[in-house]
Amino acid sequence: MTEEKGLNFIEEIIEEDLKNGKYRQIITRFPPEPNGYLHIGHASSICLNFGLTQKYGGYTNLRFDDTNPVTEETEFVESIKEDVRWLGFEWKNELYASDYFDTLYQYAITLINKGLAYVDDSSSEEIAALKGTPTEPGKNSPYRGRSVHENLDLFERMRNGEFKDGSKTLRAKIDMAHSNMLMRDPVLYRIKHAHHHRTGNKWCIYPMYDLAHGQSDSIEKVTHSICTLEFVPHRELYDWLIEKLEIYPSRQYEFARRNLTYTITSKRKLMQLVNENHVQGWDDPRMTTISGMRRRGFTPESIRDFCDRIGVAKRENMVDMSLLEFCVREHLNKIAIRRMAVLDPVKLVITNYPKDQTEEVWSENNPEAENNGGTRPVMFSGELWIEREDFMEVPVKKWFRLAPGAIVRLKSAYIIKCENYIKDKEGNITEIQCSYIPESRSGNDTSGIHAKGTIHWVSTAHAAKAEVRLYDRLFTVENPTGEEGDFTRYINPNSLQIIKEAYIENSLKEAKEGNKYQFIRKGYFTPDKDSTPEHPVFNRTVTLKDTWVKESRK
RNA sequence: UGGCCUAUAGUAUAAUGGUAGUACAACAGAUUUUGGUUCUGUCUGUCUUGGUUCGAAUCCAGGUAGGCCAACCA
């Protein structure tokens, strides 16, 4: 049975192109500017571009659009490569727009020779003043009428470094009254006496996006150049330049960038969060950068699945964060090893358990795993740590956990009954005293008693200490950039909660970066890069779904 | 007083002139030694007004709403 899944509009275009023989294979590219770290929005573009060539045959290049030396750095190049690989994609060629600077320079000369470009001495303010507005036509620059010979001479001298930054530009000669603002003699080259991360000081003039991107696509014979909606107005210029230069006709297609609730997907704004220390770096686990999500414990599979589910379209959108959480829970449920960890401990003493006795109980590693996951031994004793929130002095209705006189199952061990509890002067509960039912041991329970609730625990004598970092959404509102004022006003002050002394199963000390765990009843966790065997640190990737919080609010 | 893009449940996305479907979310229930997982069920939708057609979410026209465009950024 073939499941007919609807095609997105780009797949439709490609299938049509393939069917009518326009192309034998398709070539796409992922074209980041190395001026920041990749985020969840880029993941969509990566999955799209690489996914398309995997599906239809062909290949995808990784091309860095590095035409602005003042913002670009090698650090970003390296992080981008790491992130794309981590997401599970391998590019055919690693390319750089800066590799084409000689060719692009020649393209500019071709345009000058055709009378389609000129050197303008106007300042950026003067250019802006003559540009007009969306509703009013612009006016020609006084330098627009220069001869080809003069333009050639001036452009060469720009290249030779005779002029200061900003004193001259090369502009296309199109139409200052055009309804598309981008066609009003767009700037093609500008002077920047700046060090480039790859070409060093070879150049002091650099091409603008419009003369670099489409031409790079063309040089690489990219068939489908896929970008986001804000480039729609550029398409007319993209096509104009290819036509006038008479080069390989790559075609541009635009889809809507993906927005996610309670976060931002803007490199500029993410950089602001880093620079203003609202977060602790690009890979802060609260960031929806690829590196932040990796550190937090997301899997590439879950991110790819997410991108797949949200699809591709042309309308404005705001995807629910709960879908991303669903995707990561679904994957982690299958692969994460279950362990017990007590995050907010309170002592529980089993009064009728033989003093100084210990025993091993066996607990499942992951019954949901493909190969069943097996079991592990866990040390049990008469003195345990349990979760403070699992005891209620005055239970609410439908409370299945511990309360005076209530019974509960200790996961993989015995059923216990709460007999007493001790408070300190401030009224904090310091110890809960229970009796246990020896015949109720997990695996050979002959007690005939059914406990409605099951809670997790660790033995005080056998547990290890760990630091646990709990993350919540970074913003308090769904669309922080859509609200009044600067988006940083809406940062969630409680997005990070650090627990210095949680208790974990001893074996968890050996957990390695990249390992995935489910702390039973608490969520999915992964060791942070700061973690050591002496001082284990865990990040909470995502909580478990919690229907009790909803029930308890009723 | 311009040009371009878009409009299907709360969210995202299918249906390509022929029964408006799927996922997430929400809600109800079953199972459960995780109030997890799994399973079952329920709720909610074609922006609007005309037109073409036997038949329109789909094609056409006019509205309306939202987005983008006036960086020597990409």
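Numbered from 1 within each chain, the chains take letters A, B, ... in sequence-line order. Note that the coordinates shown come from a computational prediction; the quantities given were computed from them, not determined experimentally.
Using a 4.0 Å heavy-atom criterion, one finds that I520(A) contacts the bases of the nucleic acid, with or without backbone contacts as well. Using a 4.0 Å heavy-atom distance criterion, W399(A) is classed as a base contact. Within the nucleic acid shown, K550(A) comes within 4.0 Å of sugar-phosphate atoms alone, with no base atom in reach, counting heavy atoms only. At a threshold of 4.0 angstrom between heavy atoms, the contacts of G482(A) with the nucleic acid are absent. Residue-level contact check: V549(A) touches neither bases nor backbone, having no heavy atom under 4.0 Å from any strand. Among the atoms of the strands shown, none is found under 4.0 Å from any heavy atom of E236(A).
One side chain, N365(A) or R339(A), offers a donor N or O that lies under 3.5 Å from an acceptor on the other. In summary, the side chains of N479(A) and T481(A) do present a donor paired with an acceptor at a separation below 3.5 Å, with no hydrogens or angles considered. For the residue pair S250(A) / S225(A), no side-chain donor-acceptor distance below 3.5 Å is found, with atom types taken as modelled. H331(A) and R304(A) share no donor-acceptor pair across their side chains, judged by distance under 3.5 Å alone.
Taking the six-membered ring where the residue is Trp, the centroids of Y436(A) and F380(A) are separated by 6.0 Å or more. In this structure, H213(A) has its ring center no closer than 6.0 Å to that of F231(A). Note: H197(A) and F76(A) fail the aromatic proximity criterion, with ring centroids not under 6.0 Å apart.
One cannot find a donor-acceptor pair under 3.5 Å joining the base of G35(B) and the side-chain atoms of R521(A). The base of U6(B) does not come close enough to the side chain of R315(A) for any donor and acceptor atom to sit less than 3.5 Å apart.
Distances from the side chain of K411(A) to the nucleotides U33(B), A12(B), G35(B) place U33(B) closest. Side-chain atoms of V232(A) lie closest to C4(B) of the nucleotides G36(B), G2(B), C4(B). In this structure, of U33(B), G35(B), A70(B), it is A70(B) that holds the atom nearest to the side chain of P134(A). The nucleotide whose nearest atom lies closest to any side-chain atom of K314(A) is, among U6(B), C69(B), G36(B), U6(B). Comparing U6(B), U33(B), A70(B) by their nearest atom to the side chain of M181(A) picks out A70(B).
Residue E156(A) places its CD atom among 12 or fewer non-hydrogen atoms of other residues, nucleotides or ligands, all under 6.0 Å distant.
Checked for salt-bridge contact, E505(A) and R376(A) meet the test: a charged N lies under 4.0 Å from a carboxylate O.
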For nucleotides 18-24 of chain B, give me every protein contact, N/O to N/O, under 3.5 Å, one pair per line with atom names.
{"unit_1": "A23(B)", "atom_1": "O2'", "unit_2": "R309(A)", "atom_2": "NH1", "d": "2.8"}

Dump every N/O contact between nucleotides 72-74 of chain B and the protein below 3.5 Å, one line per pair.
{"unit_1": "C72(B)", "atom_1": "N3", "unit_2": "G166(A)", "atom_2": "O", "d": "3.3"}
{"unit_1": "C72(B)", "atom_1": "N4", "unit_2": "S122(A)", "atom_2": "O", "d": "3.0"}
{"unit_1": "C72(B)", "atom_1": "N4", "unit_2": "S124(A)", "atom_2": "N", "d": "3.2"}
{"unit_1": "C72(B)", "atom_1": "N4", "unit_2": "G166(A)", "atom_2": "O", "d": "2.7"}
{"unit_1": "C73(B)", "atom_1": "OP2", "unit_2": "R190(A)", "atom_2": "NE", "d": "3.0"}
{"unit_1": "C73(B)", "atom_1": "OP2", "unit_2": "R190(A)", "atom_2": "NH2", "d": "2.7"}
{"unit_1": "C73(B)", "atom_1": "OP2", "unit_2": "K192(A)", "atom_2": "NZ", "d": "3.3"}
{"unit_1": "C73(B)", "atom_1": "O3'", "unit_2": "R190(A)", "atom_2": "NH2", "d": "3.2"}
{"unit_1": "C73(B)", "atom_1": "O2'", "unit_2": "N68(A)", "atom_2": "ND2", "d": "3.2"}
{"unit_1": "A74(B)", "atom_1": "OP1", "unit_2": "T67(A)", "atom_2": "OG1", "d": "2.7"}
{"unit_1": "A74(B)", "atom_1": "OP1", "unit_2": "R190(A)", "atom_2": "NH1", "d": "3.3"}
{"unit_1": "A74(B)", "atom_1": "OP1", "unit_2": "R190(A)", "atom_2": "NH2", "d": "2.8"}
{"unit_1": "A74(B)", "atom_1": "OP2", "unit_2": "Y209(A)", "atom_2": "N", "d": "3.0"}
{"unit_1": "A74(B)", "atom_1": "O4'", "unit_2": "E33(A)", "atom_2": "OE1", "d": "3.4"}
{"unit_1": "A74(B)", "atom_1": "O3'", "unit_2": "D65(A)", "atom_2": "OD2", "d": "3.3"}
{"unit_1": "A74(B)", "atom_1": "N6", "unit_2": "H234(A)", "atom_2": "NE2", "d": "3.0"}

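The residue among E316(A) and V312(A) whose nearest nucleotide of RNA chain B lies closer to the 5′ end is V312(A). Annotation: of the two residues near RNA chain B, N444(A) and N8(A), the 5′-most nearest-nucleotide partner is N8(A).
G18(B) and A57(B) are spaced 13 Å apart, taking the C1' atom of each and rounding to whole Å. With both ends at atom C1', the span from U32(B) to G10(B) equals 30 Å, rounded to whole Å.
Between Y107(A) and I219(A), the closest side-chain pair of non-hydrogen atoms falls below 4.5 Å.
Of the residues in residues 254-262 of chain A, those placing a heavy atom less than 4.0 Å from an atom of RNA chain B are R258(A), in numerical order.
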